[in-house]
A.B. asks: 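Dumping the structure here so I can ask a few things about it.
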Amino acid sequence: MSASGQFQPRRATTEPLWLRGILLTLALGFLALFLLLPLVIVFGEAFSKGWQVYLAAITEPAAAHAIKLTLIAAVIAVPCNAIFGLAASWAIAKFQFRGRQFLITLIDLPIAVSPVIAGLSLMLIFGARGWWGEWLNDHDLQVMFAVPGIVLATIFITFPYVARELIPLMQQQGREAEEAALTLGASGWQTFIRVTLPSVKWALLYGLILCNARAMGEFGAVSVVSGKIREQTNTMPLHIEILYNEYQFAAAFAVSSLLALLALLTLVLKSSLEWRAARDLAEAEACRRPE
Amino acid sequence: MSIEVRQLRKNFGDFKAVDNVSLSIQSGELTALLGPSGSGKTTLLRLIAGLEQSDSGSILFNGEDISDHHVSERGVGFVFQHYALFKHMTVAENVGFGLSVKPKKFRPSNAEIQKKVQKLLELVQLDWTADRYPSQLSGGQRQRIALARALAVEPKVLLLDEPFGALDAKVRAELRRWLRRLHDEIHVTSVFVTHDQEEALEVADRIVVMNKGRVEQDGTPEQVYDHPANPFVYEFLGTVNLFHARVRDGDKLVQPSSADLPAEAAQLEQLGLAYVRPHEIDVLHDKEEDAIAARLELITVVGPTVRLELQSQQADQIIHVELDKTRFKQLGLSVGQHTWLKPRYSRVFLGEGI
């Protein structure tokens with residue numbers, strides 16, 4: 001476009017070159033300062049004391065346990081939210097019922113509310129002096145300051161991600177394809193597996209990737225309910241904080257670099273999936289338009 | 001498979017979508033549900049398919065009450081206005097879908113499914129599209145694939161919801177003639193919904209005219225067009241001119257003449273409305289008894305027919321007249337000219353809308 005632009009008279013909607021230059025510099029400068037620089041520093045600091053220190057930092061027992069716990073929390077939370085997200089978006093997009101709009105608002109709650117408050121509210125329910133604290137204690141069930149609490153907090157924080165991706169797509173696609181499958185004799189389950197799921201698969205994957213990234217990076221809510229017991233209830237973000245507070249900068253940045261890598265991977269997957277999900281949405285829109 | 005609908009009702013909130021409809025459709029017939037938007041025709045079709053649940057009344061297939069049967073057990077083929085093809089499946093997978101979801105006991109082998117799909121694609125003349133995706137086809141092609149998919153499960157009843165509504169005029173005309181031929185070939189009881197009176201008149205064996213959730217008239221295209229049961233049907237099936245008429249001593253009318261009179265009007269002098277189609281009016285150069293003086297305002301030539309708009313000299317009213325080109329040339333009409341109009345035929349409804 002820029003190559004052919006030289007030979008064409010400038011269009012009325014094109015801004016002068018200097019203005020475009022300033023805007024572009026501003027945007028790129030901002031990006032470099034707040035996004036690229038921290039990333040460079042994370043990796044720089046992580047390797048500042050050499051390979052050996054880096055490897056030791058991410059393989060020592062406390063770090064290994066934190067990585068394992070983070071993976072466990074994500075492995076439980078992501079499928080839970082996949083199922084919840086599918087069920088909620090299916091119900092919202094394909095059926096009309098009282099309280100539908102309220103449910104949509106409710107799904108956004110974890111994004112709207114501070115994670116610390118989410119953690120505290122879990123504490124009020126499951127903590128020793130919470131609503132169910134006594135009952136849980138009587139049955140010898142430990143939720144707070146243990147793995148179940150961390151998983152609960154992670155699920156709460158990440159549950160909007162899948163649903164928010166699916167609802168607009170499913171609403172745009174409407175019910176016709178499902179109705180067609182039903183008239184052809186398919187059962188509800190066959191319709192879901194063979195018609196609904198494939199038509200939203202890219203958006204679903206996209207939601208899962210975001211959900212996973214958020215689950216592994218969650219700090220606020222988990223820090224309230226975890227108790228930060230080393231090698232027991234420490235997740236990666238909590239472990240990093242402890243290392244940093246103990247002035248073990250190289251180790252802290254080494255573990256951070258793993259999360260940063262996850263973020264980079266997420267971005268790559270996200271952009272490719274986003275493109276496919278957007279295509280599905282555009283197709284669904286095109287189908288509804290008369291020719 | 002005959003379809004019978006008895007006292008069917010369906011409300012959406014306060015809106016009566018289908019209001020006490022009774023209907024019976026003969027086996028092998030191609031029936032059109034015709035009406036303006038909001039007349040309940042699509043809801044009625046979806047009730048028959050089982051895609052909506054009725055509030056009361058019953059639906060019978062071949063005398064058996066199937067009102068409580070789930071949509072997947074009714075054995076209906078349904079064709080949607082926007083095709084509703086599965087866009088992540090190829091054309092062949094789309095057409096074979098209904099066979100592939102059958103319970104294991106009844107499911108044909110993959111080879112049999114493939115063979116049947118091939119046969120159906122030949123029937124709709126699209127056998128070369130088997131490996132393509134719906135997005136690679138045109139609208140008309142997609143709708144034929146949707147039809148093949150519906151036919152794959154050998155439905156007892158074929159239901160089509162505005163099947164040509166999303167297509168452009170030329171493809172629409174082609175496709176509806178094709179549907180008529182296809183129906184003559186396979187003779188499955190079919191019901192299609194349309195708001196296009198021309199489409200209904202051309203394709204259907206029988207037309208059910210609906211308005212505000214009720215059936216206004218039910219008959220062959222000739223009956224419905226030539227002998228509309230009421231003013232709504234008259235006005236919905238094409239352009240019509242309305243004249244105030246005075247019915248006196250049986251068949252004598254002040255205006256217009258030669259009307260088809262209801263029997264009850266025989267004795268009295270009454271006011272009524274006469275309905276006259278544009279092609280049922282003669283244009284005359286000289287005054288005759290009962291003719292209406294009018295001034296020619298507009299001439300529109302549409303292919304072989306000529307449409308005239310004339311200003312009545314007796315009332316503030318535009319009269320529409322349709323002539324064929326030959327007759328138009330014989331008359332040698334031009335805009336601004338004064339002429340006389342004489343209805344050849346009209347239908348009078350007493351006391352309607354006066």
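A, B, ... follow the sequence lines: proteins, then strands. Residue 1 opens every chain. Quantities reported herein were computed from a predicted structural model and do not represent experimental measurements.
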A.B. asks: Tell me whether B:E198 at atom CD has more than 12 heavy atoms from other residues, nucleotides or ligands lying less than 6.0 Å away.
C.D. replies: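 No, CD of B:E198 has 12 or fewer neighbouring heavy atoms, counting only those of other groups under 6.0 Å.
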A.B. asks: Please check this pair: side chain of B:H88 against backbone of A:V200, looking for a donor-acceptor N/O pair closer than 3.5 Å.
C.D. replies: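 Such a contact is absent between B:H88 side chain and A:V200 backbone.
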A.B. asks: Within a reach of under 6.0 Å around NZ of B:K16, are more than 12 heavy atoms found that belong to other residues, nucleotides or ligands?
C.D. replies: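 Not buried by this count: 12 neighbours or fewer within 6.0 Å.
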A.B. asks: Are more than 12 heavy atoms from other residues, nucleotides or ligands located less than 6.0 Å from atom CG of A:D108?
C.D. replies: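 Counting neighbours around CG of A:D108, more than 12 heavy atoms of other residues, nucleotides or ligands fall under 6.0 Å, so yes.
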A.B. asks: Flag the one option from A:G188, A:S187, A:A181 with the top tally of heavy-atom pairs under 4.5 Å to chain B.
C.D. replies: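 Counting heavy-atom pairs under 4.5 Å, the top option is A:A181.
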A.B. asks: What part of B:A150 is in contact with chain A, defined as an atom under 4.5 angstrom from a non-hydrogen atom: side chain, backbone, both or neither?
C.D. replies: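 Backbone of B:A150 only, per the 4.5 Å heavy-atom cut-off to chain A.
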A.B. asks: Is chain A contacted by the side chain of B:V153, its backbone, both, or neither, given a heavy-atom distance below 4.5 Å?
C.D. replies: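 The answer is the side chain of B:V153.
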A.B. asks: Starting at CD of A:Q190, measure out to CZ of B:F97 and round the result to the nearest 0.5 Å.
C.D. replies: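 Atom-to-atom, A:Q190:CD and B:F97:CZ are 7.0 Å apart.
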A.B. asks: Tell me whether A:F30 at atom CZ has more than 12 heavy atoms from other residues, nucleotides or ligands lying less than 6.0 Å away.
C.D. replies: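 Open.
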A.B. asks: Would you indicate whether B:Q114, at its atom CD, is surrounded by more than 12 heavy atoms from other residues, nucleotides or ligands within a distance under 6.0 Å?
C.D. replies: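 Incorrect, the count does not exceed 12.
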A.B. asks: Is the shortest heavy-atom distance from the side chain of A:Q173 to the side chain of B:K87 under 4.5 Å?
C.D. replies: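 Yes, at least one pair of side-chain atoms sits under 4.5 Å.
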A.B. asks: For A:W189, I'd like to know if atom CH2 has over 12 heavy atoms of other residues, nucleotides or ligands within 6.0 Å.
C.D. replies: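 No, not enclosed.
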A.B. asks: Heavy-atom distance under 4.5 Å between the side chains of B:F78 and A:E179, does that happen here?
C.D. replies: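 SC-SC contact between B:F78 and A:E179 ruled out.
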A.B. asks: Can you tell me how far CD of A:E178 sits from CZ of B:F86, rounded to the nearest 0.5 angstrom?
C.D. replies: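 It is 8.5 Å, given to the nearest 0.5 Å.
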A.B. asks: Looking at A:A186 and B:S72, what are the two nearest heavy atoms and their distance?
C.D. replies: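 Taking every non-hydrogen atom into account, O-CB, 3.7 Å.
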A.B. asks: Do you know which two heavy atoms are closest between B:A84 and A:A180, and how far apart they sit?
C.D. replies: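 Scanning both residues, the minimum pair turns out to be O-CB, 3.9 Å.
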A.B. asks: Please indicate whether A:F95 has more than 12 foreign heavy atoms, meaning atoms of other residues, nucleotides or ligands, lying under 6.0 Å from its CZ.
C.D. replies: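 Above 12, so yes.
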A.B. asks: For B:R149, is it the side chain, the backbone, both, or neither that has a heavy atom closer than 4.5 Å to a heavy atom of chain A?
C.D. replies: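 For B:R149, heavy atoms of backbone and side chain both lie under 4.5 Å from chain A.
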